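Side chains are part of it too, since the values below use all heavy atoms of this structure and drop only hydrogens, waters and symmetry mates. Every chain is numbered from 1, with letters handed out A, B, ... down the list of sequences. None of these values were measured; they are calculated from a predicted model.
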Amino acid sequence: MSKNLTSRAEDYSKWYNELVVKADLAENSAVRGCMVIKPYGYAIWEKMQAELDRMFKETGHQNAYFPLFVPKSLFEAEEKNAEGFAKECAVVTHYRLQNDPDNEGKLRVDPEAKLEEELIVRPTSEAIIWNTYRGWIQSYRDLPILINQWANVVRWEMRTRLFLRTAEFLWQEGHTAHATKAEALVEAEQMNNVYAEFAENFMAIPVIQGVKTESERFAGAVETYCIEALMQDGKALQAGTSHFLGQNFAKAFDVKFTNNEGKLDYVWATSWGVSTRLMGALIMTHSDDKGLVLPPNLAPSQVVIVPIYKNDEQFDAITEKAEGIIKDLKDLGVSCKFDKRTTHRPGAKFAQHELQGVPLRIAIGPKDIENNTIELARRDTLTKEIVQMGGLAHTIKDLLEVIQDELYNKALNYRDEHITKVDDFETFKKVLENKTGFISAHWDGTSESEQKIKELTKATIRCIPLDNELEEGVCVYSGEPSTQRVLFAKAY
RNA sequence: CGGGGUGUAGCGUAGCCCGGUUAUCGCGCCACGUUUGGGACGUGGAGGCCGCAGGUUCGAAUCCUGCCACCCCGACCA
């Protein structure tokens with residue numbers, strides 16, 4: 001492990017890449033654009049999964065699993081969806097390899113083994129799922145269908161970055177079917193709320209809920225709800241989306257049902273997802289120049305104990321004390337690891353646990369044995385204090401809650417300070433270049449203005465906030481009348 | 001896919017222009033000893049088809065050709 005991380009001020013993107021690798025979260029693999037998620041990174045992802053899965057089930061959803069492959073004829077059925085993803089699809093054309101007669105010891109694709117119909121590796125699963133739902137739905141009594149799947153998908157991206165954009169990524173995708181438009185809309189909004197609640201309460205990442213403009217909308221959706229977060233470098237990151245799909249997929253896959261008036265109608269749909277990209281959001285929201293900073297809710301170990309000793313006798317005394325602390329913490333539902341490795345000295349352990357973002361560190365040495373104390377260090381503030389043993393477990397449990405809240409508030413302050421109201425295009429460009437962050441500005445509602453602004457500034461409309469107040473104004477670019485402000489930013 | 005760049009040990013590198021014995025240095029790794037309240041020190045050691053293939057040459061990490069991979073900047077994107 002090399003000593004120092006590149007600082008954020010020096011090169012934010014280099015800092016991010018180094019942090020992901022050095023904190024042992026993930027690394028690049030032999031497959032272009034695909035990452036290996038290492039045990040420590042995967043443990044954090046599992047924490048996210050567990051909480052999201054709980055929330056999905058609490059809102060009435062069940063898990064299921066659909067195939068990795070989508071026959072091309074199904075994939076192309078919903079035209080807009082197909083068109084939107086066509087440029088980044090991996091395609092299976094053959095099903096067999098054979099020894100290469102011209103190249104000893106090598107394999108080649110058997111030209112005789114061409115598939116009748118190509119299979120698309122799913123970039124998203126609407127097609128295969130809606131084709132399946134057709135067989136499940138005849139009557140309004142079969143509705144709603146509320147299903148989620150945990151899966152991997154492939155989008156053949158040109159340029160990839162660990163967690164933020166990989167060719168293969170892990171995610172969950174919910175796909176629901178409803179009898180009425182109103183019910184589907186409620187579902188799409190509900191799941192966006194679930195995502196917002198998860199991001200804020202669990203990941204300590206403040207988000208803005210909104211809807212996408214037409215050009216940023218999911219291919220095939222009527223409305224795309226989203227949660228947008230702001231990273232420390234002032235760039236926005238779309239952290240989750242929930243789509244109201246209208247009857248587009250029902251029509252494309254001919255999914256009709258008889259309603260309670262005996263009339264035939266197409267089914268209404270939603271889909272919603274978050275991915276391993278949330279790992280990127282987590283890193284870029286809280287971490288610092290010493291490494292990862294994990295909110296207690298997401299830390300694989302919330303507390304780590306580092307022993308400091310000169311001989312076996314001291315180590316035994318420390319171990320006894322540590323085991324007592326671990327037991328008390330476990331009773332309160334706090335996870336704690338005892339780092340008793342003899343192969344590393346305390347300083348190296350301190351540095352490693354800081355790099356990996358363990359929220360609280362306890363150091364116990366001979367002095368602490370003597371005084372009935374421990375040294376308690378906070379990862380988020382990098383402060384440490386000597387604490388008496390009495391009531392330690394409760395002190396720690398409370399402190400973890402404080403840390404969780406403070407991380408959220410810190411991120412919220414940063415975010416709120418980086419929403420700038422702007423009314424003219426010159427200021428727009430200046431704020432984007434110098435201050436960065438979200439810009440709240442009037443927009444005339446046309447794709448043309450949106451496109452022009454993107455070309456000129458690289459900023460896109462991240463969302464039209466849901467809680468927007470209506471306000472008369474003129475478009476920051478065209479000067480045409482506008483009824484509300486929207487949020488612009490450069491985005492990941 | 002366009003424009004630029006880089007490939008030397010696990011990682012970071014020197015050497016390349018101007019070909020010449022055993023390919024440089026640091027980190028990391030291994031062994032032993034001394035250490036342990038913020039990334040220890042000493043001694044010894046292991047590790048290389050110099051991206052791949054071909055060519056020029058008495059001789060190639062170095063020169064030439066082709067290929068591959070990766071990085072940066074664009075276009076695309078959760």
Would you kindly give the [atom1]-to-[atom2] distance between [X] and [N], to the nearest whole Å?
| X | N | atom1 | atom2 | result |
| --- | --- | --- | --- | --- |
| A:Tyr12 | B:C72 | OH | C1' | 20 Å |
| A:Lys38 | B:G10 | NZ | P | 16 Å |
| A:Gln352 | B:G38 | CD | P | 17 Å |
| A:Leu5 | B:C27 | CG | P | 20 Å |
| A:Asp312 | B:U35 | CG | P | 14 Å |
| A:Glu27 | B:C70 | CD | C1' | 16 Å |
| A:Asp11 | B:C72 | CG | P | 10 Å |
| A:Glu370 | B:G37 | CD | C1' | 13 Å |

Item to check | Minimum heavy-atom distance between A:Ala219 and A:Gly84, given as atom pair plus value | outcome: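 So the two residues come closest at CB-CA, 3.8 Å.
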Distance-only donor-acceptor test (3.5 Å): side chain [X], base [N]:
| X | N | value |
| --- | --- | --- |
| A:Lys384 | B:G38 | yes |
| A:Arg345 | B:G37 | no |
| A:Glu354 | B:G38 | yes |

Which value, in whole Å, describes the distance between the [atom1] atoms of nucleotides [N] and [M]?
| N | M | atom1 | answer |
| --- | --- | --- | --- |
| B:U24 | B:G37 | P | 36 Å |
| B:G12 | B:C71 | P | 12 Å |
| B:U8 | B:C70 | C1' | 15 Å |
| B:A61 | B:G4 | P | 29 Å |
| B:U35 | B:A40 | C1' | 7 Å |
| B:U57 | B:C29 | C1' | 39 Å |
| B:G5 | B:A9 | P | 23 Å |
| B:C76 | B:C49 | C1' | 39 Å |

Output yes when [X] and [Y] qualify as a salt bridge under the 4.0 Å nitrogen-oxygen rule, no when they do not.
| X | Y | result |
| --- | --- | --- |
| A:Glu375 | A:Lys367 | no |
| A:Glu228 | A:Arg415 | no |
| A:Glu433 | A:Lys490 | yes |
| A:Arg217 | A:Glu214 | no |
| A:Asp380 | A:Arg378 | yes |

Give one of base, sugar-phosphate or nothing for [X], where a contact means two heavy atoms less than 4.0 Å apart.
| X | result |
| --- | --- |
| A:Leu237 | nothing |
| A:Asn28 | nothing |
| A:Phe169 | base |
| A:Arg361 | base |
| A:Thr342 | nothing |
| A:Gln238 | sugar-phosphate |
| A:Lys349 | nothing |

Checklist entry - In dot-bracket, 5' to 3', how would RNA chain B read with Watson-Crick or G-U wobble pairs under 3.5 Å, [ ] for crossing ones and | for pairs to another strand? => result (((((((..(((.......[....))).((((((.....)))))).....(((((..]....))))))))))))....
Checklist entry - Would A:Phe249 and A:His175 count as a side chain to side chain contact (heavy atoms under 4.5 Å, CB included) if you check the C-alpha gap in whole Å, the side-chain angles of each, and the deciding distance to 0.1 Å? => result CA-CA 11 Å; A:Phe249 284 88; A:His175 295 273; over 6 Å; no
Next on the checklist: Under the rule for salt bridge (Lys or Arg N to Asp or Glu O under 4.0 Å), what residues qualify as partners of A:Glu385, not counting sequence neighbours?
Outcome noted: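 Here no residue qualifies.
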Item to check | Sub-4.0 Å heavy-atom contacts from residues 118-129 of chain A onto RNA chain B, ordered by number | outcome: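 Those residues: none at all.
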Nearest to the side chain of [X], heavy atoms from C-beta on, is which of [options]?
| X | options | result |
| --- | --- | --- |
| A:Ile308 | B:G39, B:C76, B:G37 | B:G37 |
| A:Glu88 | B:C76, B:G39, B:G37 | B:C76 |
| A:Lys310 | B:U36, B:C76, B:G37 | B:U36 |

Item to check | Mutual orientation of the aromatic rings belonging to A:Tyr12 and A:Trp15 [parallel < 30°, tilted 30-60°, perpendicular > 60°] | outcome: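 The rings of A:Tyr12 and A:Trp15 sit tilted, inter-plane angle from 30° to 60°.
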Checklist entry - What orientation do A:Trp272 and A:His61 show, parallel under 30°, tilted 30 to 60°, or perpendicular over 60°? => result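 If you compare the ring of A:Trp272 with that of A:His61, the planes turn out perpendicular.
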Checklist entry - If only atom types and distance count, is the side chain of A:Thr59 paired as donor or acceptor with the main-chain N or O of A:Met55 below 3.5 Å? => result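 At least one qualifying donor-acceptor pair exists.
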Checklist entry - Side chain of A:Tyr195, backbone of A:Ile227: donor and acceptor closer than 3.5 Å? => result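 Judged by distance alone, no pair lies under 3.5 Å.
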Next on the checklist: So, OP1 or OP2 of B:G74: does either fall under 4.0 Å of a side-chain N or O from A:Lys458?
Outcome noted: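 For A:Lys458, the contact criterion (side-chain N or O under 4.0 Å from OP1 or OP2 of B:G74) is met.
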Checklist entry - Considering heavy-atom distances to RNA chain B, does A:Ile386 or A:Glu168 have its closest nucleotide positioned more toward the 5' end? => result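 Taking each residue's closest nucleotide, the earlier one in sequence belongs to A:Ile386.
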